[in-house]
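In this text, all values refer to a predicted model and were calculated from it rather than measured experimentally. Heads up: numbering here begins at 1 and tracks the sequence. These values consider heavy atoms only, across backbone and side chains, with no hydrogens, waters or symmetry-generated copies.
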Amino acid sequence: MIPKMNSFTPFPPVENALTEPNGLLAVGGDLSPQRLLAAYHKGIFPWFNEDDPILWWSPDPRMVLFPAELKISKSLRKTLKKDHYHICTDRSFTQVMQACAAPRKDQAGTWIHPQMIAAYSTLHEMGLAHSVETWIDGELAGGLYGVALGKVFFGESMFSRQPDASKIAFVHLVKQLQYWEFGLIDCQVRTNHLGSLGAREISRTEFSQTLDDLITGIEPGNTWNFDRMPIE
């Protein structure tokens, strides 16, 4: 039985999540900044269709990328060395979310609906949610967004309008997070796309312990500016 929450109900232990569907933990609550931050501290994230109640998830296993394990293919490395693109951070956060919400092939709908965009835009205004953007010829060509707490980046979604545009943003993100000594990037659930970049699955127990080690509190947020050396 999945517990139903109101605005004041604490999350149940993540160990109580269902195995089918994998990770479903609770229903209800709200998308206030306080609720979202409490969720991410515990490795819980919201994922639901626009007309459905809020669903909260903590899947087992968990797809993650340890920054040092990033894999860059030869073809992608050649692309990264070109000067046809420009990387920006936090320039067009809402636009990135809207692009991630656009219809995709073989996908009936989107979970990135106005309620989610409003909630994460509030986190962005607090300096806790960030976008990494690939701009080509003055146009937003690809990018991603997520939430940063402690030394963990919780990736939410990415999009591409030109070949490799999301991968370019992702590699620049990982390299910068490695420079900032982040220890983990959460990728939520397995995809071949992320697996090709070095992400792998770990148990929920290991994931929870890693969060405890890397998130010691909520530091004041700020706008991101990448300051590492260029990719070689």
Side-chain angles (χ1 to χ4, degrees), residues 11 14 31-47 56-59 62-70 87-100 111-112 116-134 140 142-159 166-189 194 197-199 202 206-229 231:
F11 286 107
V14 294
L31 294 178
S32 66
Q34 295 78 11
R35 171 69 71 178
L36 286 171
L37 294 177
Y40 281 106
H41 267 83
K42 296 178 180 294
I44 302 166
F45 58 88
W47 185 31
W56 300 93
W57 303 80
S58 177
R62 189 76 165 227
M63 191 73 164
V64 302
L65 175 70
F66 295 96
E69 296 181 4
L70 174 68
I87 295 294
C88 292
T89 55
D90 292 341
R91 174 178 170 181
S92 300
F93 181 86
T94 300
Q95 190 177 347
V96 168
M97 285 200 70
Q98 291 169 339
C100 288
W111 55 272
I112 308 174
M116 292 285 276
I117 292 174
Y120 283 83
S121 293
T122 298
L123 290 185
H124 174 63
E125 291 168 3
M126 296 169 64
L128 297 172
H130 302 278
S131 61
V132 182
E133 308 146 17
T134 303
L140 181 60
L144 58 91
Y145 76 95
V147 176
L149 295 177
K151 293 297 184 182
V152 180
F153 183 78
F154 298 88
E156 284 296 320
S157 187
M158 59 176 61
F159 79 98
S166 64
K167 289 184 178 180
I168 291 171
F170 186 75
V171 170
H172 279 269
L173 166 71
V174 176
K175 290 295 186 179
Q176 181 66 55
L177 294 183
Q178 191 172 6
Y179 180 73
W180 284 339
E181 298 182 340
F182 272 58
L184 187 72
I185 298 172
D186 175 34
C187 304
Q188 297 182 348
V189 295
L194 291 168
L197 292 164
I202 63 174
E206 181 180 352
F207 180 71
S208 296
Q209 182 59 59
T210 304
L211 295 188
D212 289 341
D213 294 339
L214 295 176
I215 304 177
T216 57
I218 301 178
E219 299 178 3
N222 51 56
T223 301
W224 270 4
N225 289 294
F226 283 5
D227 55 4
R228 54 162 197 80
M229 297 298 291
I231 294 174

Quick one: side chain to side chain donor-acceptor pair (under 3.5 Å) partners of [X], sequence neighbours excluded?
{"X": "Asp212", "answer": "none"}
{"X": "Thr94", "answer": "Ser121"}
{"X": "Glu69", "answer": "Arg200"}
{"X": "Glu206", "answer": "none"}

Does the pair Ser157 and Tyr145 meet the rule for a side chain to side chain contact (heavy atoms under 4.5 Å, CB included), with working shown?
-> CA-CA 6 Å; Ser157 187; Tyr145 76 95; 3.7 Å; yes

Set of ring-ring contact (aromatic ring centres under 6.0 Å, His included) partners for [X], sequence neighbours left out:
{"X": "Phe11", "value": "Trp56"}
{"X": "Phe170", "value": "none"}
{"X": "Tyr40", "value": "Phe154"}

Heavy-atom distance under 4.5 Å between the side chains of [X] and [Y], does that happen here?
{"X": "Leu197", "Y": "Leu65", "answer": "no"}
{"X": "Phe66", "Y": "Ile202", "answer": "yes"}
{"X": "Lys42", "Y": "Leu211", "answer": "no"}

Can you list the residues that meet the side chain to side chain contact (heavy atoms under 4.5 Å, CB included) rule with Ala169, with sequence neighbours excluded?
->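 Counting only residues at least two positions away or on another chain, Ala169 forms a side chain to side chain contact (heavy atoms under 4.5 Å, CB included) with Val132, Thr134, Leu144.
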
Could you pull out all residues at least two apart from Ala148 that satisfy side chain to side chain contact (heavy atoms under 4.5 Å, CB included)?
->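 Ala148: side chain to side chain contact (heavy atoms under 4.5 Å, CB included) contacts with His130, Phe153, Phe182, Trp224.
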
Salt bridge (Lys or Arg N to Asp or Glu O under 4.0 Å) partners for Glu125, two or more places apart =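 With neighbours one apart ignored, the set is empty.
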
Residues in salt bridge (Lys or Arg N to Asp or Glu O under 4.0 Å) with Asp90, at least two apart?
->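 Residues passing salt bridge (Lys or Arg N to Asp or Glu O under 4.0 Å) with Asp90: none at all.
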
Over all atoms of both residues, closest heavy-atom pair of [X] and [Y]:
{"X": "Leu184", "Y": "Pro67", "value": "N-CD, 4.0 Å"}
{"X": "Cys187", "Y": "Ala199", "value": "SG-CB, 4.2 Å"}
{"X": "Cys100", "Y": "Ile112", "value": "CB-CD1, 3.6 Å"}

Between the side chain of His41 and the main-chain N/O of Leu37, is any donor-acceptor distance below 3.5 Å?
->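 Pair found, side chain donor or acceptor close to backbone of Leu37.
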
Donor-acceptor contact present, side-chain Lys151 to main-chain Thr216, <3.5 Å =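 No; zero donor-acceptor contacts below 3.5 Å.
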
Starting at [atom1] of [X], measure out to [atom2] of [Y] and round the result to the nearest 0.5 Å.
{"X": "Gln188", "Y": "Leu194", "atom1": "CD", "atom2": "CG", "result": "10.0 Å"}
{"X": "Leu31", "Y": "Ile117", "atom1": "CG", "atom2": "CD1", "result": "12.0 Å"}
{"X": "Ser131", "Y": "His124", "atom1": "OG", "atom2": "NE2", "result": "6.0 Å"}
{"X": "Leu36", "Y": "Leu128", "atom1": "CG", "atom2": "CG", "result": "10.5 Å"}
{"X": "Glu156", "Y": "Leu123", "atom1": "CD", "atom2": "CG", "result": "9.5 Å"}

Taking it one step at a time, do Tyr120 and Phe93 satisfy side chain to side chain contact (heavy atoms under 4.5 Å, CB included)?
-> CA-CA 9 Å; Tyr120 283 83; Phe93 181 86; 4.2 Å; yes

Carefully, step by step, assess Thr89 and His172 under the rule side chain to side chain contact (heavy atoms under 4.5 Å, CB included).
-> CA-CA 10 Å; Thr89 55; His172 279 269; over 6 Å; no

Evaluate the side chain to side chain contact (heavy atoms under 4.5 Å, CB included) criterion for residues Trp57 and Ile44: first the C-alpha distance (whole Å), next the side-chain angles of each, then the deciding distance (0.1 Å), finally the verdict.
-> CA-CA 5 Å; Trp57 303 80; Ile44 302 166; 5.9 Å; no

Might you confirm whether atom CH2 of Trp180 has over 12 heavy atoms from other residues, nucleotides or ligands at distances under 6.0 Å?
->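 Correct, the count exceeds 12.
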
